[in-house]
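Below is one structure, written out as structure tokens; comments come after it.
Values in this document were obtained by computation on a predicted structure and should not be read as measured data. Note on naming: letters A, B, ... go to the chains in the order of the sequence lines (proteins, then strands), and numbering restarts at 1 for each one.
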Protein chains: 2
Amino acid sequence: MKSADIREALLAEIGAGKFAATGRLPSEAALCRRFGAARGTVREALAALVRAGLVAKRNGAGSFLTRMAQNRTGLIGLAIPDYDRYRFFATVRDRIEALARRAGFDVRLVTGGDLPHAARRLVSERAEGVIFRPLLARRGATANRAFAERLKSAGIPLVLLDQDIAAPPERSEYDLVAVNNVNAGRRIASHLLARGRRRVAFLMGPRTNGPNPNWENRLFGLTGELALRGVNQAVRILRFEPGNAAALRRAMLGPRRPDAIVCGNDENAVALLATLRGAGLRVPDDVALVGFDDLECARFCEVPLTTVRQPAQLIASAAIRMLLARIRNPESSPRETCLPAPLVVRDSTETQIPQRAATGAGNTSRNAGNPRSFSERTATEGETRQLAATDVQRNPRSSSGCQGSSMK
Amino acid sequence: MKSADIREALLAEIGAGKFAATGRLPSEAALCRRFGAARGTVREALAALVRAGLVAKRNGAGSFLTRMAQNRTGLIGLAIPDYDRYRFFATVRDRIEALARRAGFDVRLVTGGDLPHAARRLVSERAEGVIFRPLLARRGATANRAFAERLKSAGIPLVLLDQDIAAPPERSEYDLVAVNNVNAGRRIASHLLARGRRRVAFLMGPRTNGPNPNWENRLFGLTGELALRGVNQAVRILRFEPGNAAALRRAMLGPRRPDAIVCGNDENAVALLATLRGAGLRVPDDVALVGFDDLECARFCEVPLTTVRQPAQLIASAAIRMLLARIRNPESSPRETCLPAPLVVRDSTETQIPQRAATGAGNTSRNAGNPRSFSERTATEGETRQLAATDVQRNPRSSSGCQGSSMK
DNA sequence: CGCGAAAACCTGTCCAGACAGGTCTTGCGC
DNA sequence: GCGCAAGACCTGTCTGGACAGGTTTTCGCG
């Protein structure tokens with residue numbers, strides 16, 4: 001067990017940081033003298049460390065610690081300008097850090113809107129790859145591009161999070177990890193249809209906001225699914241701020257007034273909830289309300305919101321996996337990974353419309369007496385055509401027993 | 001260069017099948033005698049073969065060929081029931097075989113609609129993974145499921161091609177490689193808008209065909225992009241066979257008659273082209289026509305078709321990559337890769353509508369005199385918001401630069 | 001002070017021989 | 001015919017020594 005002994009001894013010393021100063025191990029001859037072993041034995045021990053990725057040998061020069069073995073681990077950049085706006089990103093960050101550390105990388109988080117500064121910093125710190133959540137199209141299209149180009153010219157691979165830096169339908173040359181927003185929109189449509197809602201609107205915000213590719217895809221799915229299921233009425237696109245009471249009141253007049261409003265995110269949905277209440281409209285009785293992202297506010301606001309959950313774990317692990325693959329192989333063609341996002345059903349859509357029976361399942365009266373008992377659950381059959389494990393997540397708010405017991 | 005010589009000599013003999021009978025290599029001592037080398041040298045040569053995965057050593061027993069080294073290489077299944085219906089699949093197959101071979105796998109192609117038989121065969125031949133292009137939803141939903149379950153219970157990983165076996169918006173538990181049909185639809189919409197077409201129809205075929213998830217997504221993108229660009233008129237969904245002249249004539253009457261028809265695939269588009277001609281309608285003057293898939297018939301039919309190309313190389317390499325990753329790591333969560341499909345512009349959309357100017361770029365008159373000179377090219381700016389390298393492919397009609405599908 | 005050649009150093013590769021311990025076959029005893 | 005133990009066989013590991021060729025440092029010359 002001599003070579004193994006030598007290997008363990010060296011391993012311990014590497015772990016203790018003994019060679020960190022120079023990054024250089026003693027020569028094979030020196031190790032022979034020290035351990036009283038033949039050179040072949042020492043070489044076997046070193047070979048094991050090379051296989052483990054801790055040591056790199058250079059012909060004629062000596063044996064050196066790899067970056068992974070030194071405590072100067074590799075660095076990955078995580079650039080999220082909007083980091084402070086959504087707690088959700090903290091979850092993603094935690095997960096990315098955990099996975100990166102396992103692969104021998106530290107994570108440098110850079111936040112705030114100063115993308116040129118962020119790029120300079122990541123380049124100067126020699127990040128080996130960067131995960132980047134771009135700014136929204138109109139706000140940051142050129143800034144996003146410049147950021148990506150800056151890293152590219154420094155030879156640093158980039159993986160985009162949540163959205164591309166090219167405006168769809170185009171694709172940039174960078175890897176992308178995104179949620180399947182079209183399918184999420186379709187799920188919402190199925191769910192609303194099962195609740196008898198047919199006059200669906202999408203709150204896109206004022207035109208000055210500019211395009212939001214993710215919202216567009218959600219809208220496409222919503223519209224498309226409704227049309228396929230035979231809803232003749234087109235989805236109305238509401239073009240005002242969620243706090244604009246006058247515009248909301250106008251929209252809620254007449255026979256075309258929506259019986260369900262889908263918002264691009266939970267913030268808007270919560271704001272709209274307040275405006276609806278101010279206008280004397282009840283959720284979900286007068287109008288159902290659906291958000292996106294499953295922020296905390298969606299769960300704990302006045303009427304808990306039905307929303308689509310961003311799969312933080314999946315996003316993080318897909319991003320890290322993609323980035324590591326890209327670091328290993330910088331030349332392959334750009335990749336796009338698409339993640340499923342589950343619908344989380346809460347109170348804001350849970351009252352059946354009384355005047356017209358649902359087209360799908362006929363469970364109208366069964367739930368009518370006690371809507372609170374269904375305060376949170378995931379989509380069931382009849383709302384969506386089929387149930388897949390990846391698309392359902394448990395999310396108990398109060399108790400766990402209320403879920404699916406009688407619905408299934 | 002002695003150990004390298006020995007390694008090469010052994011490699012050649014392995015390649016020639018010399019040890020295939022017993023699967024056993026000569027002992028190290030025997031190799032020493034034969035090559036006149038020291039045992040360390042022989043061991044170094046063998047170690048290289050072990051690292052290459054060709055040889056496995058068993059302590060006390062000897063050195064043996066791995067399965068990969070014997071001509072019994074690993075086996076990957078490629079199950080494409082509709083293989084004979086589209087030449088396109090032959091391109092994908094060639095590419096998959098090339099990539100699989102490089103990883104030490106043979107490919108077993110199983111075609112035809114008898115999925116239970118295909119599953120039995122792949123299980124009995126001990127395929128280590130299967131790439132599967134499912135049958136369309138209504139035709140084969142349960143058959144697809146049964147096929148997947150059969151392989152799953154045999155512990156064989158599965159990667160789906162082109163579409164899921166669960167009906168969207170749901171996702172099955174299997175990996176999926178698909179084209180971004182939504183974005184493809186959006187590209188078509190942009191292109192048609194730039195040509196001044198605003199009354200767009202989608203030929204979905206008769207209702208009895210059942211749902212086609214890919215077509216649905218194409219429709220969603222088409223509809224959504226038009227709506228976003230301010231086209232008030234909804235996309236008409238045509239529900240008849242492409243050969244149904246009477247239904248077509250009815251659809252082409254009145255003020256809402258389409259000035260552009262998008263088909264779910266090129267076969268339908270070519271059939272519709274004939275029907276249009278029979279009805280005395282000219283393409284593209286009276287109505288523009290767009291297909292999908294870029295089959296040969298799209299290029300060489302009477303009026304060459306604008307269509308969306310299936311990126312065969314990308315599809316094949318993504319599928320193989322996913323399957324190998326899944327074989328290595330069977331437990332990770334299901335993945336979905338989304339590929340860009342470029343728009344190939346040919347004659348069938350290349351006449352500008354005269355009565356109304358295009359909303360976007362004003363290149364109305366420039367092309368009018370000589371449309372043939374634009375008989376084939378890819379999307380340009382103004383049609384789509386921005387140009388990305390991945391979404392544009394050159395596709396000369398006459399020369400050989402095109403991808404393998406043309407002459408195969 | 002700068003530059004280039006020589007020297008020192010280091011790993012890559014190879015040789016010849018040895019013992020430990022796992023695996024397989026043979027043959028003996030029951 | 002069966003079971004088991006001995007022995008043959010094989011790889012794993014180690015010793016000690018050698019030369020080739022790449023890398024780094026040193027030192028002397030201009």
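Minimum atom distance to the side chain of B:Glu28 is reached by D:dG12, of the listed D:dG12, C:dA16, D:dG16. Ranking D:dT13, C:dC14, C:dT11 by closeness to the B:Ser3 side chain, first place goes to C:dC14. The listed nucleotides are C:dG12, C:dA18, D:dT15; the one nearest the side chain of A:Thr41 is D:dT15.
For B:Ile6 and C:dC15, the CD1 to P distance is 7 Å, given to the nearest whole Å. As rounded to whole Å, 15 Å separates atom C1' of C:dG12 from atom CG of B:Asp5. In this structure, CZ of B:Arg39 is placed 13 Å from P of D:dC14, rounded to the nearest angstrom. Taking atom CG of A:Leu49 as the reference point, atom C1' of C:dT11 lies 16 Å away to the nearest angstrom. If you take CZ of A:Arg33 and P of D:dG17, they are 14 Å apart, rounded to a whole angstrom. In this structure, CG of B:Leu31 is placed 8 Å from P of D:dT11, rounded to the nearest angstrom.
When heavy atoms are screened at a 4.0 angstrom cut-off, B:Gly62 is found touching the sugar-phosphate backbone but no base atom.
Checking the phosphate oxygens (OP1, OP2) of C:dC10, no side-chain nitrogen or oxygen of A:Ser63 falls inside 4.0 Å. Side-chain N/O atoms of B:Lys57 include none lying less than 4.0 angstrom from OP1 or OP2 on D:dC10.
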Polar atoms only, N or O, under 3.5 Å: list the protein pairs with nucleotides 23-25 of chain C and their distances.
{"unit_1": "C:dT23", "atom_1": "O4'", "unit_2": "B:Gly60", "atom_2": "O", "d": "3.4"}
{"unit_1": "C:dC24", "atom_1": "OP1", "unit_2": "B:Arg58", "atom_2": "NH2", "d": "2.4"}

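What you find for A:Ala178 and A:Asp162 is that their closest heavy atoms are CB-O, 3.7 Å. Heavy atoms only, all atoms of each residue included: A:Thr66 and A:Gly53 are closest at OG1-O, 2.7 Å. Contact between A:Pro134 and A:Leu161 at its shortest, heavy atoms only, is CD-O, 3.3 Å. Nearest heavy-atom pair, A:Val177 versus A:Met322, reported as atom, atom and distance to 0.1 Å: CG2-SD, 3.5 Å.
Side chains of A:Arg58 and A:Ser63: a donor-acceptor N/O pair is absent below 3.5 angstrom, by distance only.
Not a single donor-acceptor pair, N or O on each side, falls under 3.5 Å between the base of D:dT13 and the side chain of B:Arg43.
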Criterion salt bridge (charged side-chain N to carboxylate O under 4.0 Å, His left out) on A:Arg7 and A:Glu44, from CA distance to verdict: CA-CA 8 Å; A:Arg7 168 163 48 81; A:Glu44 179 54 37; over 6 Å; no
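Remark: A:Arg24 engages no residue in a salt bridge (charged side-chain N to carboxylate O under 4.0 Å, His left out) (not counting sequence neighbours).
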